[in-house]
Structure formats: C-alpha cells, structure tokens
Amino acid sequence: MAFDSFRDFLIALENAGELTRVAPPIATELEITELADREMKQPGGGRALLIEKPTVNGQITPFPVAINAFGSHRRMAMSLGASSVEAVAAELGSLMKAKPPMGLRAAIKLLGTALELRHARPKMVKDGPCKEVVHKFDPVPAAKAWPREGPPSNPPGSLSPPSVSQPQAWPTLLNLPIQKCWPLDGGRFITLPGVVTRDPDTGERNVGMYRLQIYDERTTGMHWQLQKVGARHGRRYYETGTRMPVAIFLGGDPVFTFCATAPLPDGLDEFLLAGYLRKQSVELVKCETNDLEVPANADFVIEGYVDPREPLRMEGPFGDHTGYYSLADLYPVFHLTALTHRREAVYPATIVGRPPMEDFYLGSASARLFLPIFKMNFPEIVDLALPAEGVFHNLVFVSIRKSYPLQAYKIMHGLWGMGQMMFTKYIVVVDADVNVHNTSEVLFHLCANTDPQRDCLFTRGPADVLDHATSEFAAGSKLGIDATAKLPGEGFKREWPPLIRMDEGVKQKVDALLSGKTR
C-alpha cells in the first residue's frame, strides 16, 4: 500500500488505534522530547503522537509534529504497507531466490514475481504537492569564515549550547517546529530528514539520514559521518572545490523514511527499494534551485548546497542513540536556497537517547528485511536480531546451523565485513534452536556454553563515529563470542552433554490435565 502523504499515514494509524492526538500547546524545546520519551518507553512502544500545537519560542507554529510514528512492530509494518515486517522479508526472500524457469509453471511463477517489480523504478513528474507553497531565497552573501576550531560561542568539546538568533518573519528554518531534544544539545536539530546527494562521477543518487543542526534562519550543520555515502560524495566535491547541491525532504510516504535508514549497498537507489516496497513508482520532481530530485508527495523540501571553499563549522553536542551526548565536532555547513511544502504539511520527527526508542523498530525492520541477503551469503544463518540494548548495531545475536568446527568465527568475520555491520562491537553466535529475539534465552546459552578464553575472539575495525567509548575516533575493537555447542576440533576434549528437555508424551499428558480434558 502506498501513502500519498504523511498525513494519510497518520490517519491510517489513528483508524487502527495507533495514534494519540495531543491538543494543548507543547514546546519544541525539550517538552516534546519528554512526552515522546515516556511514550516510547511504554510496553510495545506506546502510540504515535500528533502534537497539534507545537510552539517555537512560545509561538504556535502552523505545522503539527508527528513523533513515534514508527515506534512499534505494528506501526513499522503499516509504514511498509504490510501486515508484518516478516511478510515483506519473506516476499523479498522469494525474489532473491528466483532461478531461471525450467518449465511453463515455473516461468509463470517467475513472471508473477517479476511483475511485483513493475513499479519499482522511480519516474519524473513536472509538479507535485511538495510545491504547493514555494519560498525561494536570494543568493546568500559570502559566509563568515569561522576559525577551524569553531565559533567562539561553541568551543571544541563544550556542552554549552551556542546562542541562536531569534526567529525572523516566516519562512525560515527558525520557524519550523524543529526540536531541541535534550538539555545539553547544541541547538535545534532536524532528526528525521531524507538527505539527497549525487555522486559527481557516476551520477548515482543516495538518500541518507543525517541530523541537521540549525545555526540560523539560512544555515545548518550537515552531520554526514565518515563512513556514510553522503560523506563520500562530499569528499569528491571537496577535492574539486565545486559547490555541492543537496536536497532534504521530510514526510511523504513513510516508506521513504525507512529506505533512508536502510543499509543498502553503495550505488543502489533508495527510491528503487521504496518503489518495490510500496508497489508503486516513486514520483520525483526536480528541485527549484538545483538539479536534484525529491519525492513529489513530500511534506517539506529544503533545498541548498554545501560549499567546499567554506571552513567546517562546529556541530553538536547532541543527545544520541548511544544514550550519551556525542561531542561537538567539525562538519560542513548547509546553505538554504529554497523551502517548499504542502499547504497542510505535517512535520515528522523522532528523538534518540537511552533505549528502547523509536529507532529500535526501524533497525529491527532493516535486520528482518535484509536477512534473506545475509542468508544468500551465509546459508547457515537461521535468524538474526539487534537487541534494543545494543542501540541499533552495537550488539548482534545470530543463530546458525552448525556443521563444522569454527563455523561461528566464519560468521563473525563475514558479518563484520557487510556494510554497517562493520560498526557492531559484539556478535554472539548461538545454535539454530535458540530464539535470538529472546535476550534471556541467548544469555543463558552464552553463559552455559562458553569458556571465555577459548570462545572469545577479539579483533579491530571501523567504529561508529558516535561511539564515545573507543580510544580512537572511528576505530575500535570487536568481540565475537561462540556460544554454540562445541564440536571436536574446537578445543573441547570432553563429551558435550544434552540440553535438559522433557519427554513430549509427558508434556502432552500434562497439557491435557491442565486443560481439564482428563480426570
């Protein structure tokens, strides 16, 4: 199912009993965070919230704020237009396993699978709802050349928020209901953007999600991290010294948000995945002030550029998904050239912090959806989970059908070599019969089946730039733990005992007794 707007998605959530409207005025400064954090900590992720009267500096903004819209397994599935994320994963898995047909019946079945892709490729349109209101800005004067250590109001490592000028007459970035999430944040941050960039060499598009700190009415920070595709595109522009076009969109079909967070291989268009998931081509419209394309049904589009000739500027601190503040650091500056939006736009937002949070469900959906791809590379994998306590990718549980010695170590090395799995600090490998989505069950097998010296593997590799615990920036160590039953050849020289299990006949007899079916 494809949604024509983020508002349509919220209406579907409300009809399903998954949304709560908040009528009183709520400040975008800290108050929305406190309200949303309490809701996200409810069993199962609570409900989505629609803040009908968000305020900026005490003034009610014309746009409501939606938050926690992806914060449950059910809402995550609804955002993908499906009954469950598992159903989408199974469908993608069948597509990945498609083989050349060996007969007429197989050919018809394969054709049916191929037809599911008929709407995957995005298509260009001349106009769209995202341009119902268009605000263009005069060319920006030469930017101030901040010293490389950052503006005086926010020195390196400081947790003190920099001063921010008062909002100007509409429209500017200061008037949108952009949150200041946590007390020590460096300012207001856009937290749920789709950031569109293009490789200057190949022309390949990327849609990523990078937080944007509001500096003033016309500029933001551009927090694309070292290993992200957007940062790679940026480095090419910096090498040539040419101005880099950037487009940022918010809202539209919620599947766009998921695709912006999905760990796709470099060069694979996120709008192609979005078209496949929504079973309808993504309609794209050209920006007003650059040559990039954005979803025609987006709620907001923020157009602009990054100038490689401009010194980097201090961005942060920011209360991050690690549960701690990521410290201020130097990042490129984004300049606004146009702001377009729907007349009845909804501003989508999220917060990150100590888990569980909304991002847990986005991360879990990615893990479920891309599990078939992992299985293509490692057919012994049964299941994979990213526990909430691991804040996205710090901790991974994986179950395997083990058939030879040291197979668990093969899986560890393989996963660390796959995309964003390079950031995983801890991988625990268990046997096929262990439910990796039950943390208690995994911990039981970890404690029961391991000898720490024999079954632990330390290695080094890239680390998340937001990880404050590593001794070096963006580089750290990894720990793999083999919690599977041991085979000969793995250093275990005794007989491995069986796991305690009751006889099935006895279990059935007691089941009948407790249900009252026997005397």
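Sequential numbering from 1 along the given sequence is applied to the chain's residues.
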**Student:** Give a yes-or-no answer on whether the side chains of H233 and E204 include a donor-acceptor pair shorter than 3.5 Å.
**Tutor:**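 Short answer, no.
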
**Student:** K53 side chain to A27 main-chain N or O, any donor-acceptor pair under 3.5 Å?
**Tutor:**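 Not confirmed, K53 side chain does not pair with A27 backbone.
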
**Student:** What closest approach, in Å, do G275 and V282 show between heavy atoms, and which atom pair accounts for it?
**Tutor:**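 What the structure gives for the nearest pair is N-CG2, 3.8 Å.
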
**Student:** Side chains of L415 and V398: does their closest heavy-atom pair fall under 4.5 Å?
**Tutor:**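 Heavy-atom side-chain distance check passes, below 4.5 Å.
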
**Student:** Report the distance from atom OG1 of T220 to atom CZ of F334, rounding to the nearest 0.5 Å.
**Tutor:**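 If we round to the nearest 0.5 Å, T220:OG1 and F334:CZ are 6.0 Å apart.
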
**Student:** Let me see the working for E239 and R235 under salt bridge (Lys or Arg N to Asp or Glu O under 4.0 Å), right down to the final yes or no.
**Tutor:** CA-CA 6 Å; E239 289 168 2; R235 283 192 290 272; over 6 Å; no

**Student:** Would you say that more than 12 heavy atoms from the other residues, nucleotides or ligands in this model lie under 6.0 Å from the CD of E52, or not?
**Tutor:**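 Buried by this count: over 12 neighbours within 6.0 Å.
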
**Student:** Between R236 and D199, does a salt bridge (Lys or Arg N to Asp or Glu O under 4.0 Å) hold up when you go through it step by step?
**Tutor:** CA-CA 8 Å; R236 288 294 296 124; D199 189 313; 5.7 Å; no

**Student:** May I ask you to decide whether R309 forms a salt bridge with D307, counting only side-chain N to carboxylate O separations under 4.0 Å?
**Tutor:**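 D307 and R309: salt-bridged.
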
**Student:** Treating D299 as the side-chain partner and G252 as the backbone partner, does any N or O pair qualify as donor plus acceptor under 3.5 Å?
**Tutor:**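 Here the side-chain-to-backbone pair exists.
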
**Student:** Could you check whether E18 pairs with R47 (Lys NZ or Arg NE/NH1/NH2 to Asp/Glu carboxylate O, under 4.0 Å)?
**Tutor:**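 No, E18 and R47 are not salt-bridged.
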
**Student:** Report the distance from atom OG1 of T191 to atom CD of Q213, rounding to the nearest 0.5 Å.
**Tutor:**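 If we round to the nearest 0.5 Å, T191:OG1 and Q213:CD are 13.0 Å apart.
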
**Student:** Hey, is the main chain of Y325 close enough, under 3.5 Å, to the side chain of W182 for a donor-acceptor pair?
**Tutor:**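 No, because the side chain of W182 does not come within donor-acceptor range (under 3.5 Å) of the backbone of Y325.
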
**Student:** Strictly distance-based, threshold 3.5 Å: is any side-chain N or O of N68 a donor or acceptor partner for the main-chain N or O of G45?
**Tutor:**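 Such a contact is found between N68 side chain and G45 backbone.
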
**Student:** Which label fits F63 and H341: parallel for a plane angle under 30°, tilted from 30 to 60°, or perpendicular past 60°?
**Tutor:**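 F63 vs H341 ring planes: perpendicular.
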
**Student:** Kindly state whether the ring of F6 and the ring of Y347 have centres lying under 6.0 angstrom apart.
**Tutor:**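 So the answer is no for these two rings.
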
**Student:** What distance do M222 atom CE and L312 atom CG have between them, rounded to the nearest 0.5 Å?
**Tutor:**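 Here the interatomic distance stands at 13.0 Å.
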
**Student:** Testing F423, Y426, F360 one by one against H393 for a ring-ring contact (aromatic ring centres under 6.0 Å, His included), which residue passes?
**Tutor:**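 For H393, the ring-ring contact (aromatic ring centres under 6.0 Å, His included) test succeeds with only one of F423, Y426, F360, which is F423.
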
**Student:** Any side-chain heavy-atom pair from V246 and H335 closer than 4.5 angstrom?
**Tutor:**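 V246 vs H335: side chains apart.
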
**Student:** Can you confirm whether P254 sits close enough to F3 that some side-chain heavy atom of one is under 4.5 Å from a side-chain heavy atom of the other?
**Tutor:**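 Yes, their side chains come closer than 4.5 Å.
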
**Student:** Identify the two heavy atoms, one from P372 and one from L369, that lie closest to each other, and give their separation to 0.1 Å.
**Tutor:**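 Minimum heavy-atom contact is CD-O, 3.2 Å.
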
**Student:** Hey, does V56 have a side-chain heavy atom less than 4.5 Å from the side chain of N175?
**Tutor:**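 N175 vs V56: side chains apart.
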
**Student:** Please determine whether the number of non-hydrogen atoms from other residues, nucleotides or ligands lying under 6.0 Å from atom OH of Y324 exceeds 12.
**Tutor:**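 Incorrect, the count does not exceed 12.
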
**Student:** Are R75 and F70 in a cation-pi contact, defined as NZ or CZ under 6.0 Å from the six-membered ring centre and within 45° of the axis?
**Tutor:**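 R75 over F70 ring: no.
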
**Student:** Taking all heavy atoms of G251 and all of F256, pick out the closest pair and write down the distance.
**Tutor:**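 So the minimum-distance heavy-atom pair works out to O-CD1, 3.9 Å.
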
**Student:** Could you grab the distance from atom CD of E270 to atom OG1 of T257, nearest 0.5 Å is fine?
**Tutor:**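 If I round to the nearest 0.5 Å, the distance is 12.5 Å.
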
**Student:** Are a donor atom and an acceptor atom from the side chains of T28 and Q179 found within less than 3.5 Å of each other?
**Tutor:**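 Q179 and T28 do not have a side-chain donor-acceptor pair below 3.5 Å.
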
**Student:** Is there a side chain to side chain contact (heavy atoms under 4.5 Å, CB included) between V436 and V428 once you walk through the steps?
**Tutor:** CA-CA 10 Å; V436 293; V428 180; over 6 Å; no

**Student:** May I ask you to decide if R343's main-chain N or O and E132's side chain share a donor-acceptor pair within less than 3.5 Å?
**Tutor:**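 Confirmed, E132 side chain pairs with R343 backbone.
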
**Student:** Would you say the side-chain atoms of N290 pair up with the backbone N or O of P245, donor to acceptor, closer than 3.5 Å?
**Tutor:**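 Side chain of N290 to backbone of P245: no pair is present.
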
**Student:** Taking all non-hydrogen atoms of both residues, which atom of A262 and which atom of L273 are closest, and how far apart?
**Tutor:**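 Taking every non-hydrogen atom into account, CB-CD2, 4.2 Å.
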
**Student:** Distance check, rounded to the nearest 0.5 Å: E358 atom CD versus H321 atom NE2?
**Tutor:**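 Output value for this atom pair is 14.5 Å.
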
**Student:** List the atom of A463, the atom of T470, and the distance in Å for their closest heavy-atom pair.
**Tutor:**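 Residues A463 and T470, closest heavy atoms: CB-CG2, 3.8 Å.
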
**Student:** I would like to know whether L336 and F137 meet side chain to side chain contact (heavy atoms under 4.5 Å, CB included); could you show each step before the answer?
**Tutor:** CA-CA 8 Å; L336 175 69; F137 297 86; 3.5 Å; yes

**Student:** If you round to the nearest 0.5 Å, how far is CG of L173 from CG of L339?
**Tutor:**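 Spacing of CG (L339) from CG (L173) equals 6.5 Å.
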
**Student:** So, does S326 use its side chain to make a donor-acceptor pair with the main chain of F318 at under 3.5 Å?
**Tutor:**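 Indeed, once roles are kept as given, a pair shorter than 3.5 Å links the two residues.
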
**Student:** Identify the two heavy atoms, one from L13 and one from A69, that lie closest to each other, and give their separation to 0.1 Å.
**Tutor:**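 That closest heavy-atom pairing would be CD1-O, 4.0 Å.
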
**Student:** Is there a ring pair (Phe, Tyr, Trp, His ring centres under 6.0 Å) between F189 and H223? Walk through the geometry before answering.
**Tutor:** CA-CA 10 Å; F189 286 83; H223 190 272; 8.4 Å; no

**Student:** Is the shortest heavy-atom distance from the side chain of C287 to the side chain of E293 under 4.5 Å?
**Tutor:**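 C287 does not reach E293 side chain to side chain.
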
**Student:** Using only heavy-atom distances, determine whether the side chains of E303 and T337 contain a donor-acceptor pair under 3.5 Å.
**Tutor:**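 No, no side-chain donor-acceptor pair sits under 3.5 Å.
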
**Student:** Is a salt bridge present between K136 and E288, judged by a nitrogen-to-oxygen distance below 4.0 Å?
**Tutor:**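 Yes.
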
**Student:** Is it the case that more than 12 heavy atoms not belonging to K123 sit under 6.0 Å from its NZ atom?
**Tutor:**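 Incorrect, the count does not exceed 12.
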
**Student:** Is the backbone of K131 close enough, under 3.5 Å, to the side chain of T340 for a donor and an acceptor to pair up by distance?
**Tutor:**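 Absent.
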
**Student:** I'd like to know if the side chain of W416 and the backbone of T424 have a donor-acceptor N/O pair within less than 3.5 Å.
**Tutor:**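 Judged by distance alone, yes, a pair lies under 3.5 Å.
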
**Student:** Determine which pairs satisfy salt bridge (charged side-chain N to carboxylate O under 4.0 Å, His left out) with at least one residue from residues 462-474, sequence neighbours left out, and list them in order.
**Tutor:**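 Passing the test, one end in residues 462-474: K425-D467.
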
**Student:** Side chains of W224 and V306, heavy atoms from C-beta outward: is any pair under 4.5 Å?
**Tutor:**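 With C-beta onward as the side chain, the pair touches.
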
**Student:** As a quick check of understanding, evaluate side chain to side chain contact (heavy atoms under 4.5 Å, CB included) for V285 and K126, giving each step before the final call.
**Tutor:** CA-CA 6 Å; V285 64; K126 292 183 178 180; over 6 Å; no

**Student:** Side-chain contact test, heavy atoms from C-beta onward, threshold under 4.5 Å: evaluate it for M421 versus F374 and give yes or no.
**Tutor:**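 With C-beta onward as the side chain, the pair touches.
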
**Student:** Could you tell me if the side chain of H468 sits less than 4.5 Å from the side chain of L327, heavy atoms only?
**Tutor:**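 They are not in contact (no side-chain heavy atoms under 4.5 Å apart), so the answer is no.
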
**Student:** Go through R211 and D320 one step at a time and tell me if the salt bridge (Lys or Arg N to Asp or Glu O under 4.0 Å) criterion holds.
**Tutor:** CA-CA 10 Å; R211 72 183 191 230; D320 232 314; 2.9 Å; yes

**Student:** With side chain to side chain contact (heavy atoms under 4.5 Å, CB included) as the test, would you mind laying out the steps for Y276 and E91 before giving the verdict?
**Tutor:** CA-CA 11 Å; Y276 168 75; E91 182 180 331; 3.4 Å; yes

**Student:** Looking at Y215, does the NZ or CZ of R313 lie under 6.0 angstrom from its six-membered ring centre and within 45 degrees of the ring axis?
**Tutor:**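 Yes - R313 lies over the ring of Y215, closer than 6.0 Å to its centre and within 45° of its axis.
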
**Student:** Does atom CZ of R7 have more than 12 heavy-atom neighbours from other groups under 6.0 Å away?
**Tutor:**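 Counting other residues, nucleotides and ligands, CZ of R7 exceeds 12 neighbours.
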
**Student:** Salt bridge between R205 and D269, side-chain N to carboxylate O under 4.0 Å?
**Tutor:**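 A salt bridge is present here (some side-chain N lies under 4.0 Å from a carboxylate O).
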
